[in-house]
Amino acid sequence: DGGITQSPKYLFRKEGQNVTLSCEQNLNHDAMYWYRQDPGQGLRLIYYSQIVNDFQKGDIAEGYSVSREKKESFPLTVTSAQKNPTAFYLCASSRDIFGPDEKLFFGSGTQLSVL
Amino acid sequence: DQQVKQNSPSLSVQEGRISILNCDYTNSMFDYFLWYKKYPAEGPTFLISISSIKDKNEDGRFTVFLNKSAKHLSLHIVPSQPGDSAVYFCAASELRGSTLGRLYFGRGTQLTVWP
């Protein structure tokens, strides 16, 4: 049963701590994305990767880092430089670089809160 | 700068009636539009899309209309059902150009369908 798995579902971060959110997909998709959702806000793009070992900054990349060492995995690290990390984080993938008839498939999200 | 706008944060409709969700965009380069549905604490799921070469696309109870001259699209749900109660996000993309591979989301509209 193919899909996108995000873990953990809930995560707490202490001040000054880095935390890593996991995202794994078994859809054989080339492209993967990280979005952030804040209450009353749309989804904002943090980072995206169109292929293994390559990734691009989105609109709000400051304070975040990613890696794409494997096609299936695209972990997101929220660093201590991110001053307002509390949000709902969504990982997504698409078969290829986004084009006609393409659509994003989303994971179920990780809620990150600061202690 | 919000390039995709959903100006109604909420909409309440009686079961069986039509729901109309609206979306406006400012970037004239956008040529592919999607609607996503999201339940609390879950990832968005794809509903329906439309490319700029069309002005209407229909899938069961869901129809999306695109008015390119007005930079406006709308999602019609007929008949509305209680299970349709969710947040609906409008999203847009360029199929060509420097932002290929990126989706821009509106802030969402909370639809509530009451019996």
Side-chain angles (χ1 to χ4, degrees), chain A residues 3-10 21 23 25 27 29-51 54-61 87-113, chain B residues 1-10 21 23-27 29-54 57 59 64 86-110:
Chain A
I4 300 176
T5 302
Q6 289 188 242
S7 62
K9 193 160 183 67
Y10 300 96
L21 285 61
C23 178
Q25 55 99 357
L27 299 167
H29 284 175
D30 282 320
M32 297 186 75
Y33 311 79
W34 275 104
Y35 284 88
R36 167 178 171 147
Q37 185 191 13
D38 295 278
Q41 301 282 329
L43 281 66
R44 292 183 290 167
L45 183 64
I46 305 172
Y47 268 98
Y48 63 108
S49 167
Q50 296 173 358
I51 199 168
D54 181 64
F55 48 83
Q56 307 293 329
K57 291 183 179 180
D59 299 315
I60 54 166
F88 190 57
Y89 290 86
L90 286 159
C91 178
S93 70
S94 62
R95 185 179 52 196
D96 201 343
I97 187 170
F98 199 82
D101 298 322
E102 279 294 349
K103 48 184 176 285
L104 294 184
F105 293 85
F106 283 88
S108 57
T110 293
Q111 175 64 49
L112 175 63
S113 302
Chain B
D1 185 26
Q2 197 83 8
Q3 298 189 62
V4 177
K5 300 179 183 180
Q6 294 176 258
N7 293 320
S8 298
S10 63
L21 295 95
C23 177
D24 298 292
Y25 60 96
T26 58
N27 187 342
M29 298 300 291
F30 287 151
D31 50 10
Y32 188 53
F33 305 90
L34 307 90
W35 285 93
Y36 280 84
K37 175 180 177 180
K38 183 181 180 302
Y39 294 113
E42 293 185 10
T45 55
F46 171 78
L47 257 184
I48 192 169
S49 63
I50 187 168
S51 75
S52 59
I53 61 172
K54 295 183 177 181
N57 190 26
D59 184 2
V64 55
V87 177
Y88 289 78
F89 288 101
C90 172
S93 177
E94 292 182 48
L95 295 182
R96 285 161 284 276
S98 61
T99 62
L100 180 66
R102 297 177 56 168
L103 274 182
Y104 294 86
F105 285 84
R107 296 186 175 189
T109 296
Q110 171 69 56

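Just so it is clear: chains get the letters A, B, ... in the order the sequence lines come, proteins before strands, and each one is counted from 1. Treat the numbers as computed from the prediction; the structure is a model and nothing was measured.
Interface residue A:Leu90: only side-chain heavy atoms are found under 4.5 Å from chain B. Within the 4.5 angstrom heavy-atom criterion, atoms from both the backbone and the side chain of B:Pro44 approach chain A. Neither the backbone nor the side chain of A:Gln6 has a heavy atom closer than 4.5 Å to any heavy atom of chain B. Of the atoms belonging to A:Gln41, heavy atoms from both backbone and side chain fall under 4.5 Å from chain B.
Using cut-offs of 30° and 60° for the angle between ring planes, the B:Phe105 and A:Phe106 rings count as perpendicular. Between B:Phe30 and B:Tyr104, the ring planes lie tilted relative to each other; the angle falls in the 30° to 60° range.
Contact tally against chain A (heavy-atom pairs below 4.5 Å) for B:Ala41, B:Cys90, B:Pro9: the top residue is B:Ala41.
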Subject >> ring-ring contact (aromatic ring centres under 6.0 Å, His included) evaluation trace for A:Phe105 with B:Phe46 >> reply: CA-CA 7 Å; A:Phe105 293 85; B:Phe46 171 78; 8.2 Å; no
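Applying the salt bridge (Lys or Arg N to Asp or Glu O under 4.0 Å) test to A:Asp38 and every residue at least two apart in sequence or in another chain returns A:Arg36, A:Arg44. With sequence neighbours left out, B:Tyr88 forms a ring-ring contact (aromatic ring centres under 6.0 Å, His included) with no residue at all.
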